[in-house]
Amino acid sequence: MILSSIAVETSCRQRGSIGQRTSLMKRRFFTVLAGIALGSFILSSCDTPTGAGAGYGAAAGAIIGGAATGNVRAAAIGAAAGAATGALIGHAIQEDRARAYGPMPPGGWPLARYTNTPGVFRSPYTGRRYDLRGVPPGGLTRDIDTGQLFRRPYGGY
């Protein structure tokens with residue numbers, strides 16, 4: 001009688017430890033996957049389309065690789081493949097922009113200056129007022145006097 005209760009207790013403990021190991025592995029996998037995704041989002045703050053594409057591709061690849069197989073190695077392989085693919089796509093976008101607008105100046109395109117009227121901004125080159133309500137924040141506009149490009153500011157009105 002005593003031996004059967006000991007055997008039952010031992011087998012219950014083993015089952016519990018296996019369940020705990022699986023739970024721990026799931027937590028570790030989620031932590032690694034979240035770290036890869038967070039790192040790629042931090043890297044996606046690059047100003048170039050190549051850098052942004054690599055970051056978003058790495059995040060998508062890590063999520064897809066991890067979700068498809070459930071292990072960290074596949075998530076890392078997916079992140080690497082996604083980063084490479086995203087960088088290639090971003091580079092193609094960057095080349096298209098260079099053809100359309102010319103090469104980006106070393107410091108980037110200057111920002112327009114705010115006025116007291118919402119949606120209306122002044123050109124950094126001539127001071128001429130432009131209604132930029134239809135232009136998204138960060139979008140480019142060409143100054144009609146100089147032909148140079150400038151950006152609509154991101155914040156404010």
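Everything quoted here is computed from the prediction, not taken from an experiment. All values below come from the heavy atoms of this structure, side chains included, with hydrogens, waters and symmetry mates left out.
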Query - side chain to side chain contact (heavy atoms under 4.5 Å, CB included) partners of Pro110, counting only residues at least two apart - result: Pro124, Tyr125, Phe150
Query raised in the report: Closest heavy-atom contact between Gly65 and Ala74?
Result: O-CB, 3.5 Å
Report task. Quick one: list whatever passes side chain to side chain contact (heavy atoms under 4.5 Å, CB included) with Leu149, sequence neighbours left out. Result -> Tyr101, Trp109, Leu140, Arg142
Report task. Run the salt-bridge test on Arg128 and Asp145 with the 4.0 Å N-O cut-off and return the result as yes or no. Result -> yes
Query raised in the report: Is Leu111 reachable from Val120 through a run of I, L, V, M, F, W or Y residues, each pair having side-chain heavy atoms under 4.5 Å apart?
Result: no
Report task. Go through the structure and list residues passing side chain to side chain contact (heavy atoms under 4.5 Å, CB included) with Ile64, not counting sequence neighbours. Result -> none
Query raised in the report: Any side-chain heavy-atom pair from Leu132 and Thr141 closer than 4.5 angstrom?
Result: yes
Query raised in the report: When rounded to the nearest 0.5 angstrom, what distance separates OG in Ser123 from CD1 in Ile144?
Result: 9.5 Å
**Report entry** salt bridge (charged side-chain N to carboxylate O under 4.0 Å, His left out) against Arg122, all qualifying residues, sequence neighbours excluded
**Finding:** none
Which pairs of donor and acceptor atoms, one on a side chain in residues 79-89, lie under 3.5 Å apart (sequence neighbours left out)?
unit_1, atom_1, unit_2, atom_2, d
Thr85, OG1, Ala81, O, 2.9

Report task. Would you check if Phe121 and Asp131 make a side-chain contact, meaning some heavy-atom pair closer than 4.5 Å? Result -> no
Requested in this report: Could I get the full list of side chain to side chain donor-acceptor pair (under 3.5 Å) partners for Arg129, not counting sequence neighbours?
Outcome: Thr117
